[in-house]
Peer 1: 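Let me give you the structure first, and then I'll get to my questions.
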Amino acid sequence: MLFNTFIHLNGIGEKNEILLYNEGICYWDDLLKAEKVPFLGEKELLRLKEEVRESYTKFAEKDINYFLHRLSKKNAWRIYKEFRKYACFLDIETDGHCGMDSDITLIGIYDQNGYRAYINGKNLMSFEDDILKYDMIITFNGGLFDFPVITRYFRTRYFKDIAHIDMRFVCSGLDNNFRGGLKSIERKIGLYRPKEIANLDGYDAVKLWKRYRCGEKGCLDLLMEYNKYDVLNLSRLTDYMYEYGVNIMKDKGLKLKEEE
DNA sequence: TGCGCATGACCTCCACACGT
DNA sequence: ACGTGTGGAGGTCATGCGCA
């Protein structure tokens, strides 16, 4: 969908993008080949072509933030397919203390190789090195919760620069029905969790950690299972929302060359 | 060429919503 | 309960087009 996106170009908003689609300009290449576009002046068209050439360069350079900074958060899904192989899904659990100053108890990462947990008191400090391997992080509400907490906990500025898709704003942007928390959206699109963790929420994760610290057996495994389904279902949700977004654009006039 | 109109982008402010 | 970035609303600015 990245190569069908024009709203990252200066002067092109969602309405103009649909007008481009209706003119048969559905790919960056179509715009480069266009000699005249009814609602664009000659100078405007030349400038847009220059920006499309720049977009190709930025794509080749894997400059994900170039696109994310030019797209609103709700439209970040458009770059997902082209860059997902460089991404991981991330979710943290905390001890629930004092908002942003809370201690991280567990960080879960899910990528092409599967799930990995970083646990406080065990391997949490290796998270900082491992996360550098990724060019993009996908979270749910991470911009407001996970990222600030991690930044304070590790005292790192790194997270301010890394490419980030926050699915909370993607979901609510695609459909009003997808407003709400991760778990409620999961249910709406037919994603389910094993029954032993089906009714757990963030507060339960805090309680599980406390019980684990008191020596209660099985609590850490259950907490990890909870966290694992947070990131696993986040990846399924992202795939779903990408297809959902593409279908919306098709309804608005986007014509794809083949089923992609 | 210059004017006025129409359309869409952009800017600012504020309430909202989500995570644990 | 807290922190905080976002989208929406409303107003302003910029650009293209049609007409004389």
Side-chain angles (χ1 to χ4, degrees), chain A residues 6-23 34 36-48 51 68-77 89-108 119-120 124 137-153 159-160 162 164-188 197 199-213 219 222-224 226-227 229-231 233-234 237 252:
Chain A
F6 297 98
I7 50 174
H8 68 296
L9 307 175
N10 288 310
I12 301 292
E14 290 182 22
K15 289 188 179 179
N16 271 343
E17 185 179 61
I18 291 166
L19 290 176
L20 285 172
Y21 290 162
N22 292 332
E23 289 297 322
K36 195 166 182 351
V37 179
F39 59 95
L40 293 173
E42 210 172 313
K43 280 185 185 174
E44 188 71 356
L45 181 58
L46 283 173
R47 189 184 58 72
L48 289 173
E51 284 198 46
L68 287 180
H69 289 157
R70 284 166 163 250
L71 292 168
S72 58
K73 298 280 177 188
K74 66 175 180 174
N75 281 311
W77 63 272
F89 298 86
L90 179 146
D91 185 59
I92 70 169
E93 313 299 335
T94 73
D95 62 1
H97 284 138
C98 304
M100 297 297 149
D101 289 327
S102 50
D103 262 350
I104 294 173
T105 57
L106 190 153
I107 301 178
I119 300 157
N120 194 328
L124 184 57
I137 296 174
I138 299 169
T139 67
F140 193 92
N141 202 36
L144 277 72
F145 185 75
D146 304 56
F147 273 37
V149 171
I150 289 173
T151 302
R152 287 194 195 184
Y153 187 86
F159 268 69
K160 292 204 186 295
I162 195 164
H164 172 223
I165 296 179
D166 191 331
M167 288 305 294
R168 176 190 160 187
F169 300 108
V170 169
C171 292
S172 60
L174 283 171
D175 195 319
N176 270 331
N177 191 37
F178 296 147
R179 286 180 191 277
L182 175 63
K183 281 134 195 115
S184 86
I185 301 172
E186 280 179 15
R187 285 191 288 273
K188 283 175 185 170
I197 57 164
N199 295 316
L200 298 184
D201 63 15
Y203 280 120
D204 295 313
V206 173
K207 285 184 245 168
L208 278 172
W209 178 257
K210 283 179 182 159
R211 285 164 59 191
Y212 156 68
R213 293 298 255 189
C219 288
L222 197 56
L223 177 61
M224 283 172 61
Y226 167 76
N227 178 260
Y229 271 87
D230 265 356
V231 282
N233 276 357
L234 178 60
L237 174 106
K252 289 180 177 176

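Every chain is numbered from 1 and lettered A, B, ... according to where its sequence line falls, protein lines coming before strand lines.
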Peer 1: Just the rounded figure in Å: distance from P of dT7(B) to CD1 of Ile18(A).
Peer 2: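 To the nearest whole Å, that distance equals 16 Å.
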
Peer 1: Starting at CG of Leu20(A) and ending at P of dG8(B), how long is that distance when rounded to a whole Å?
Peer 2: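 My rounded result for the distance is 12 Å.
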
Peer 1: Please determine which of Phe147(A), Phe169(A), Phe140(A) meets the ring pair (Phe, Tyr, Trp, His ring centres under 6.0 Å) test together with His164(A).
Peer 2: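 With His164(A) as partner, Phe147(A), Phe169(A), Phe140(A) yield a single ring pair (Phe, Tyr, Trp, His ring centres under 6.0 Å), made by Phe147(A).
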
Peer 1: Report yes if the side chains of Arg168(A) and Leu144(A) come closer than 4.5 Å at any heavy-atom pair, otherwise no.
Peer 2: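 When only atoms from C-beta onward are counted, Leu144(A) and Arg168(A) do touch, with a gap below 4.5 Å.
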
Peer 1: Nearest whole angstrom, please: distance from the C1' of dG8(B) to the CD1 of Ile12(A).
Peer 2: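 The answer, rounded to whole Å, is 10 Å.
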
Peer 1: Of the candidate nucleotides dT20(B), dG19(B), dG7(C), which contains the atom at the shortest distance from the side chain of Lys73(A)?
Peer 2: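 Of the options given, the side chain of Lys73(A) lies nearest dG7(C).
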
Peer 1: Once you apply a heavy-atom cut-off of 4.0 Å, does Phe169(A) come out as touching a base, just sugar-phosphate, or nothing?
Peer 2: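 Touches sugar-phosphate only.
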
Peer 1: Given Asp146(A), which partner from the list Ile104(A), Ile92(A), Thr151(A) fulfils the side chain to side chain contact (heavy atoms under 4.5 Å, CB included) test?
Peer 2: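 Single pass found, and it is Ile92(A).
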
Peer 1: Starting from C1' on dG19(B), measure out to CD on Glu93(A) and report it in whole angstrom.
Peer 2: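 Interatomic distance, CD of Glu93(A) to C1' of dG19(B): 10 Å.
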
Peer 1: Would you mind classifying the nucleic acid contact of Asp91(A) as base, sugar-phosphate or nothing, using non-hydrogen atoms under 4.0 angstrom?
Peer 2: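 Asp91(A): backbone/sugar contact only, no base atoms under 4.0 Å.
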
Peer 1: For the side chain of Leu144(A), starting at C-beta, report the closest nucleotide among dT20(B), dG19(B), dT4(C).
Peer 2: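 Nearest to the side chain of Leu144(A) among the choices is dT4(C).
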
Peer 1: So, the side chain of Asp95(A) versus the backbone of Thr105(A): is there a donor-acceptor pair under 3.5 Å, distance only?
Peer 2: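 No: the side chain of Asp95(A) does not pair with the backbone of Thr105(A).
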
Peer 1: Taking the minimum atom-to-atom distance to the side chain of Lys74(A), which one of dA17(B), dG19(B), dG8(C) wins?
Peer 2: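 In terms of side-chain proximity for Lys74(A), the closest of dA17(B), dG19(B), dG8(C) is dG8(C).
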
Peer 1: Mind calculating the distance between CZ (Phe145(A)) and P (dT4(C)) to the nearest angstrom?
Peer 2: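 After rounding, the reported distance stands at 12 Å.
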
Peer 1: If you take all heavy atoms of Glu17(A) and Ile12(A), which pair is closest and at what distance?
Peer 2: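 Taking Glu17(A) first and Ile12(A) second, the nearest heavy atoms are N-CG2, 3.9 Å.
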
Peer 1: For Leu45(A) and Ser172(A), take the nucleotide of DNA chain C holding the closest heavy atom to each; which residue's nucleotide lies nearer the 5' end?
Peer 2: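 Nearest-nucleotide comparison on DNA chain C picks Ser172(A).
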
Peer 1: Give the rounded distance in Å between these two atoms: CG of Asn141(A) and P of dT4(C).
Peer 2: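 So the two atoms are 13 Å apart, to the nearest Å.
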
Peer 1: Whole-Å distance between dA9(B) C1' and Glu17(A) CD?
Peer 2: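 It works out to 14 Å between those atoms.
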
Peer 1: Starting at atom CD1 of Ile7(A), determine the distance to atom P of dC10(B), rounded to an integer number of angstrom.
Peer 2: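 So the two atoms are 11 Å apart, to the nearest Å.
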
